[in-house]
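A short write-up of the structure that comes next.
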Protein chains: 2
Amino acid sequence: MQGGGWSDQVNALGGFIRAQRQMAKLSLREMASMTRVSNAYLSQVERGLHQPSLKVLHSIADALQLNTEQLLQQAGWGGGVGAAAAANGGAEPAAEEASAGPCSVEEAVRAETRLTEEQKAALLGVYRSFLES
Amino acid sequence: MQGGGWSDQVNALGGFIRAQRQMAKLSLREMASMTRVSNAYLSQVERGLHQPSLKVLHSIADALQLNTEQLLQQAGWGGGVGAAAAANGGAEPAAEEASAGPCSVEEAVRAETRLTEEQKAALLGVYRSFLES
DNA sequence: CAGCTTTGATTGACATACTTAACGCTGCTG
DNA sequence: CAGCAGCGTTAAGTATGTCAATCAAAGCTG
């Protein structure tokens, strides 16, 4: 059972979808009727409890009018499509307290030690997509 | 049971995969070991009996060294999103002015003047959901 | 010919995607 | 206060994806 390792990735996807849905001011039930996917399942997907199939992912992208590639990238296709070259530098010294440091959102997220790298990438993805509007 | 409407699509995907595999002169079992997906399931996918998940699709694309977009298009992404236009030139300004102030993610987000209140709320919602693991 | 290997296909059991019907909570309206 | 309406979440069930074991047929080797 190699399960579990990918939950970060799924959580990133779910957070991304949830953020986009909230920005579009849709409730779970509204989005459910648009996508013809049950609200319950959407809730679970958004919290990373399940990985949606292509059909569902497609419906979601359609309902939220999202850029397809962006959504797919969040869904785990970071290995081939966009290649945004996230230069990772080296391992950071894992500062225990973020008490002293730079203050932009980007820096603050990167300095947050409680987040995984995937989570940071997802959060920054949402952030940048907001800035592009 | 809705008998078959989408089977055309799946069959197209399966046929495409089978053709590519044979062209690469791989047996089902060879490809199975490369993709870490069972030969049995690959056989079924190739004959349109099942629609593979993202994970499997990704593995297949990787093993066959296929163009990702090409495979996804066969898998059913040819139809819906429409428009999108995706003018994604990619010029990321990255001008982080960072007004000197607090440093946590929460504070940094609240201090970000380019975000609307809704966007801040959405972003912080994702952030907090990540922390609640 | 028997025996070994490899091929694609099938079966049965299990894990995961997904649905429908509830639940508890918050905010309103009378 | 009761009562309704909306929200997100949970519970229990069904459908589908996925695997390990197995099969019959075809190609070799001796």
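Lettering of chains follows the sequences in order, A, B, ..., and the numbering in each one begins at 1.
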B:K55 has an atom NZ; how far is it from atom P of D:dG17, in whole Å?
14 Å
Between atom CG in B:L42 and atom P in D:dT18, what is the gap in whole Å?
10 Å
Suppose we call a contact any N or O donor and acceptor under 3.5 Å apart; does that hold for the side chain of B:R29 and the base of C:dG8?
yes
To the nearest 0.5 angstrom, please state how far the CG atom of A:L13 sits from the CD atom of A:Q51.
7.5 Å
Spacing of B:Q51 atom CD relative to D:dT18 atom C1', expressed in whole Å
14 Å
Base, sugar-phosphate, or nothing for A:S38, non-hydrogen atoms under 4.0 angstrom?
base
Let me confirm one number: the CD-CE distance from B:Q65 to B:M34, rounded to the nearest 0.5 Å.
7.0 Å
Any side-chain N or O of B:H50 less than 4.0 Å from the OP1 or OP2 oxygen of D:dT16?
no
B:L57 atom CG is separated from D:dT18 atom C1', nearest whole Å, by 15 Å
How close do B:L57 and B:A75 get, heavy atom to heavy atom, and via which atoms?
CD2-CB, 3.7 Å
Taken to the nearest whole Å, CZ/B:R47 to P/C:dT11 is 10 Å
Rounded distance in Å - CD (B:E46) to P (C:dT7):
13 Å
First of A:Y41 and B:L54 reached from the 5' end of DNA chain D, by closest nucleotide:
A:Y41
Atom CG of B:N39 and atom P of C:dT11 are separated, to the nearest Å, by 16 Å
Does anything in residues 17-27 of chain B come within less than 4.0 Å of DNA chain D? Heavy atoms only, and list the residues if so.
none
Heavy-atom pair with the smallest gap, counting every atom of B:A32 and B:N39
CB-N, 3.4 Å
Side-chain N or O of A:S53 less than 4.0 angstrom from OP1 or OP2 on C:dC18?
yes
Atom pair CD/CG of B:Q20 and B:L26 - distance to nearest 0.5 Å:
11.0 Å
Could you give the CG-to-C1' distance, from A:L49 to C:dC18, as a whole number of Å?
13 Å
Which heavy atom of A:P52 sits nearest a heavy atom of B:L54, and at what distance?
O-CD1, 3.9 Å
A:L123 side, atom CG; A:R110 side, atom CZ - distance, nearest 0.5 Å:
11.0 Å
